[in-house]
Engineer: 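My structure is below; once you've seen it, I'll send some questions.
Quantities reported herein were computed from a predicted structural model and do not represent experimental measurements.
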Amino acid sequence: DLDHRGLVTLIHPWECGLDTTPPWMAALRHMAEPLWVRIALRLRLARVARLFRRDTRYLPAAERASDGDGLRMLALARRAKRYDFELRKMPQVGSVLIEDVAFNALLAVANQALSEIAREVDASIDPELQRSFLATNGAIEELWDEETGLYCSRHSVTGELIVSPTVATFLPLWAGVSEPARARRLVERLREPSSFWPRFPVPSVAIDAPPFDDDRYWKGPTWVNTNWIIVEGLRMYGVHDIAEDLRQRTLALVDDAGFAEYFSALTGQPLGADEFSWTAALVLDLLAGP
């Protein structure tokens with residue numbers, strides 16, 4: 001947060017946790033690609049990279065990042081390395097600098113947790129750090145797009161919102177920063193069967209959105225970790241009936257399909273890695289109930 005605006009700027013999608021989420025991939029496609037990437041994509045040589053990828057050795061390529069997305073992410077990482085991964089050194093032109101809504105919402109939650117710990121142990125928080133905490137809560141509201149009723153990531157250089165219906169839009173609920181009217185709109189959007197509430201909610205991309213892909217990583221599947229966050233967010237706003245419904249649906253999905261990394265939002269099919277640790281860990285918390 002070099003300009004002290006309250007939002008952290010990320011330089012690569014690997015930092016945000018939702019690696020191949022559509023807003024980041026859209027921004028990557030507007031990046032000036034190195035010659036070797038353009039040649040590989042034009043000659044359809046990108047699939048050669050699979051020979052060097054560990055993820056596709058063990059899992060179907062259709063469930064992981066596409067060849068093109070993988071090459072672009074690799075090119076961006078190589079570019080960032082030239083500047084020692086330092087935001088202040090990176091040029092505005094040619095870089096991909098994003099104020100990621102999911103990352104910043106989780107930062108706000110972490111700030112709150114740190115404040116609670118400080119109170120419990122009777123410790124003080126540096127006033128400047130406390131001001132940063134408050135700035136983040138306020139700045140997240142700048143990521144709201146009134147027309148679509150979504151929280152969106154934003155280009156930190158142009159200030160333009162990257163409007164895309166992904167699961168990240170619901171994460172500010174857990175941060176407790178959403179205005180009541182906005183929270184109501186989010187809950188309404190969450191429960192739309194044609195969007196975020198299919199048979200096995202909540203898909204990482206709305207099923208009626210063009211980028212939706214049933215089984216590809218962060219392009220559509222349902223994840224237990226984001227469901228867990230949404231359950232917490234719904235409880236934050238007192239929407240306990242929907243929170244309990246989602247908790248039960250998530251547990252039933254795992255009970256039927258196992259501790260997969262992620263699942264098809266349409267069929268419940270287990271996808272990605274088997275016996276995934278954070279799926280198992282969060283199921284334990286969901287089993288504990290409210």
Side-chain angles (χ1 to χ4, degrees), residues 8-34 36-42 44-50 53 55-56 59-81 90 92-106 143 145 148 150-171 195-196 202-223 225-226 261-262 264-265 271-272:
V8 170
T9 294
L10 304 187
I11 63 176
H12 198 285
W14 289 338
E15 292 185 281
C16 77
L18 284 68
D19 302 10
T20 57
T21 192
W24 274 96
M25 296 303 99
L28 271 177
R29 292 189 187 97
H30 286 90
M31 174 185 73
E33 297 168 345
W36 63 272
V37 172
R38 296 200 302 271
I39 292 174
L41 293 175
R42 187 173 301 129
R44 299 184 179 181
L45 299 175
R47 67 181 58 190
V48 176
R50 292 184 200 171
R53 287 175 56 175
D55 56 347
T56 52
L59 298 169
E63 297 179 15
R64 311 308 284 182
S66 68
D67 297 328
D69 287 345
L71 279 184
R72 293 185 185 96
M73 288 191 290
L74 176 59
L76 183 59
R78 289 168 60 91
R79 180 175 297 172
K81 184 179 180 181
M90 298 186 68
Q92 292 187 349
V93 177
S95 301
V96 181
L97 309 176
I98 304 293
E99 294 167 336
D100 185 82
V101 62
F103 186 97
N104 280 284
L106 294 180
L143 303 180
D145 180 64
T148 60
L150 300 172
Y151 283 99
C152 307
S153 296
R154 181 170 68 182
H155 290 285
S156 66
V157 177
T158 66
E160 295 179 357
L161 293 177
I162 310 173
V163 180
S164 182
T166 74
V167 70
T169 193
F170 302 110
L171 272 58
S195 183
F196 283 106
V202 176
S204 43
V205 175
I207 63 174
D208 58 351
F212 175 77
D213 193 332
D214 180 33
D215 56 2
R216 191 181 292 279
Y217 212 38
W218 285 105
K219 298 293 184 70
T222 290
W223 295 67
N225 59 344
T226 46
E261 185 178 2
Y262 44 92
S264 167
L271 302 166

Engineer: For the NE2 atom of His12 and the CG atom of Leu74, what is their distance to the nearest 0.5 Å?
Structural biologist: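 Output value for this atom pair is 7.5 Å.
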
Engineer: Does some side-chain heavy atom of Pro165 sit less than 4.5 Å from a side-chain heavy atom of Leu150?
Structural biologist: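 They are in side-chain contact.
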
Engineer: Identify, with sequence neighbours excluded, every residue that meets salt bridge (charged side-chain N to carboxylate O under 4.0 Å, His left out) alongside Glu63.
Structural biologist: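 Checked Glu63 against salt bridge (charged side-chain N to carboxylate O under 4.0 Å, His left out); zero matches.
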
Engineer: What is the distance from atom SG of Cys16 to atom CZ of Phe103, rounded to the nearest 0.5 Å?
Structural biologist: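 One gets 9.0 Å once the value is rounded to the nearest 0.5 Å.
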
Engineer: Compile the donor-acceptor pairs under 3.5 Å between side chains in residues 25-32 and protein atoms, sequence neighbours left out, one pair per line.
Structural biologist:
residue, atom, partner, partner atom, Å
Arg29, NH2, Asp69, OD1, 3.3
His30, ND1, Ala26, O, 2.9

Engineer: Are Trp24 and Val96 packed together at the side-chain level, in the sense that at least one heavy-atom pair is separated by less than 4.5 angstrom?
Structural biologist: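 Yes - at least one pair of side-chain heavy atoms lies under 4.5 Å apart.
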
Engineer: Listing request: all salt bridge (Lys or Arg N to Asp or Glu O under 4.0 Å) pairs with a residue in residues 11-21, at least two apart in sequence or in separate chains.
Structural biologist: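 For residues 11-21: none.
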
Engineer: Any non-hydrogen side-chain atom of Thr20 less than 4.5 Å from a side-chain atom of Arg216?
Structural biologist: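 Side chain of Thr20 against side chain of Arg216, heavy atoms only: no contact under 4.5 Å found.
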
Engineer: I need the minimum non-hydrogen distance between Ser95 and Arg79, along with the two atoms involved.
Structural biologist: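 Scanning both residues completely, I find the closest heavy atoms to be N-NH1, 4.4 Å.
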
Engineer: Work out which heavy atom in Ala265 is nearest to a heavy atom in Pro203; give both atom names and the distance.
Structural biologist: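 Residues Ala265 and Pro203, closest heavy atoms: CB-CB, 3.7 Å.
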
Engineer: Can you name the side chain to side chain donor-acceptor pair (under 3.5 Å) partners of Asp145, sequence neighbours left out?
Structural biologist: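 In terms of side chain to side chain donor-acceptor pair (under 3.5 Å), with neighbours along the sequence ignored, Asp145 is linked to Thr148.
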
Engineer: Which atoms form the tightest heavy-atom contact between Glu261 and Gly272, and what is the distance?
Structural biologist: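 Glu261 and Gly272 have their closest heavy atoms at OE1-CA, 3.6 Å.
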
Engineer: Applying salt bridge (charged side-chain N to carboxylate O under 4.0 Å, His left out), can you list everything that pairs with Arg154, at least two apart in sequence or on another chain?
Structural biologist: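 With sequence neighbours excluded, Arg154 shows a salt bridge (charged side-chain N to carboxylate O under 4.0 Å, His left out) to Glu99, Glu142, given in chain and number order.
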
Engineer: Not counting sequence neighbours, which residues clear salt bridge (charged side-chain N to carboxylate O under 4.0 Å, His left out) with Asp214? List them please.
Structural biologist: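 Asp214 satisfies salt bridge (charged side-chain N to carboxylate O under 4.0 Å, His left out) with no other residue.
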
Engineer: Are the side chains of Asp215 and Ser264 in touch, meaning some heavy atoms are under 4.5 Å apart?
Structural biologist: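 A side-chain contact is absent here, since even the closest heavy-atom pair is not under 4.5 Å.
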
Engineer: Return the NE2 to CD1 distance between His155 and Ile162, rounded to the nearest 0.5 Å.
Structural biologist: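 Result: 3.5 Å between the selected atoms.
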
Engineer: Quick one: does Val202's side chain get under 4.5 Å of Thr226's, heavy atoms only?
Structural biologist: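 Side chain of Val202 against side chain of Thr226, heavy atoms only: no contact under 4.5 Å found.
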
Engineer: Quick one: are Val167 and Leu18 in side-chain contact, heavy atoms under 4.5 Å?
Structural biologist: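 Val167 vs Leu18: side chains touch.
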
Engineer: How long is the straight-line distance from CG of Leu161 back to OG of Ser153, given to the nearest 0.5 Å?
Structural biologist: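 It comes to 9.0 Å.
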
Engineer: Students often mix this up, so state it plainly: with edges at 30° and 60°, are the rings of Phe170 and Phe196 parallel, tilted or perpendicular?
Structural biologist: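 Rings of Phe170 and Phe196: perpendicular, over 60°.
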
Engineer: Any non-hydrogen side-chain atom of Pro23 less than 4.5 Å from a side-chain atom of Thr166?
Structural biologist: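 Yes, side chains in contact.
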
Engineer: In Å, rounded to the nearest 0.5 Å, how long is the span from CD1 of Ile11 to CG of Leu97?
Structural biologist: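 These two atoms lie 8.0 Å from each other.
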
Engineer: Are the side chains of Lys219 and Pro22 in touch, meaning some heavy atoms are under 4.5 Å apart?
Structural biologist: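 When only atoms from C-beta onward are counted, Pro22 and Lys219 do touch, with a gap below 4.5 Å.
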
